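Some notes on the structure that comes next.
Note that this is a predicted model, so its numbers are computed, not measured. Count residues from 1 along the sequence. Indexing begins at 1, ligand by ligand and atom by atom, following the structure's order.
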Amino acid sequence: MKHIYRPGKREGAPVLLLLHGTGGTEHDLLSVADAVSSDSAVLSVRGNVLENGMPRFFRRLAEGVFDLEDLAFRTKELHDFLDEAAAQYGFERGNVVAIGYSNGANIAGSLLFRYEGTLKGAILHHPMVPQRGLQLPSLSGVPVFIGAGENDPICRPEETEELEGILSGAGAEVSVHWERAGHRLTGTEVAEAAAWFAERFGTGEEGQAKS
Ligand code: MLT
């Protein structure tokens with residue numbers, strides 16, 4: 001898959017897997033990664049599907065109606081790509097935290113819904129329920145941050161709550177942050193995600209203070 005890999009500056013810091021929204025590229029979320037964990041390695045991937053020239057991670061039949069066969073295929077493709085990238089770049093496969101926005105959050109959710117241990121944690125900005133009726137693997141010990149907009153017309157509040165329930169039901173530790181906003185990714189939401197990440201995965205600062 002087309003991607004950017006940037007090595008990290010802190011031993012053991014989670015590798016950030018960046019997954020853009022519809023019409024985005026692998027460059028879109030680099031500044032978000034810097035805000036969340038500037039010393040982490042970054043693997044930023046471009047979706048392999050094109051919708052009227054706009055990159056996406058899987059096909060959809062209409063707005064909010066996913067092509068479930070393609071979703072399964074593309075989720076496996078991304079899961080396999082993570083294995084390959086870990087071998088190629090020499091990072092620990094079990095130390096990957098996803099940051100996805102919109103369509104990218106939806107494929108990150110689909111990874112969590114299908115593959116045990118594929119992500120150590122996830123920051124999902126404006127996700128939907130990727131698929132209903134799946135038996136999820138255990139997500140015990142997997143922290144998930146969901147950023148949602150009270151007035152998001154694409155990822156509606158009821159669907160955010162449904163997703164929270166499904167992930168918690170599989171054992172994930174879910175934190176939902178609400179913004180008085182729509183589908184847009186705001187600076188305050190990114191700052192909340194950064195604080196959530198620092199609490200769970202640490203920052204480079206303690207280490208730097210000691211050295
Ligand atoms: C999707 O298709 O994944 C969602 O509708 C979000 C988006 O517009 O990309």
Determine yes or no for a side-chain-to-main-chain donor-acceptor pair under 3.5 angstrom, with S40 supplying the side chain and P14 the backbone.
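Yes; judged by distance alone, with no hydrogens or angles, the pair exists.
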
At under 4.0 Å between heavy atoms, is it the side chain or the backbone of M128 that contacts ligand 1, or both, or neither?
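The side chain, only.
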
Within ligand 1, which atoms have a heavy atom of [X] less than 4.0 Å away?
{"X": "T22", "answer": "7 (C), 8 (O), 9 (O)"}
{"X": "R56", "answer": "1 (C), 2 (O), 3 (O), 9 (O)"}
{"X": "E63", "answer": "5 (O)"}
{"X": "F66", "answer": "1 (C), 2 (O), 3 (O)"}

Please confirm whether the ring centroid of F58 lies under 6.0 Å from the ring centroid of F66.
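So the answer is yes for these two rings.
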
Looking only at protein heavy atoms, identify the closest one to atom 6 (C) of ligand 1 and say how far it is in Å.
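Checked against all protein heavy atoms, atom 6 (C) of ligand 1 sits closest to S102 OG, 3.1 Å.
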
Tell me: protein heavy atom nearest atom 8 (O) of ligand 1, and distance?
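The closest one turns out to be R60 NH1, 3.3 Å.
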
What class does the angle between the rings of H20 and F57 fall in, given that below 30° is parallel, 30 to 60° is tilted and above 60° is perpendicular?
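Aromatic pair H20/F57 classed tilted.
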
Would one find more than 12 heavy atoms of other residues, nucleotides or ligands at under 6.0 Å from atom CZ of R184?
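No, the 6.0 Å shell around CZ holds no more than 12 heavy atoms from other groups.
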
Applying salt bridge (Lys or Arg N to Asp or Glu O under 4.0 Å) as the test, list every pair that has at least one member in residues 111-123; sequence neighbours left out.
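Counting only pairs at least two positions apart or across chains, no salt bridge (Lys or Arg N to Asp or Glu O under 4.0 Å) contact touches residues 111-123.
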
Is there a polar contact between ligand 1 and H183, counting only N or O atoms under 3.5 Å apart?
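Min N/O separation from ligand 1 is not below 3.5 Å for H183.
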
Linked hydrophobic residues, F73 as query - side chain contacts closer than 4.5 Å
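Direct or chained contacts put F73 with none.
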
Please determine whether side-chain hydrogen bond (donor to acceptor under 3.5 Å, both in side chains) holds for the pair S140 and S138, giving the CA-CA distance in whole Å, both sets of side-chain angles, and the decisive distance to 0.1 Å.
CA-CA 5 Å; S140 171; S138 167; 4.6 Å; no

Of the listed options D152, N106, N103, closest to atom 4 (C) of ligand 1 (non-hydrogen atoms):
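Looking at heavy atoms only, N106 sits closest to atom 4 (C) of ligand 1.
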
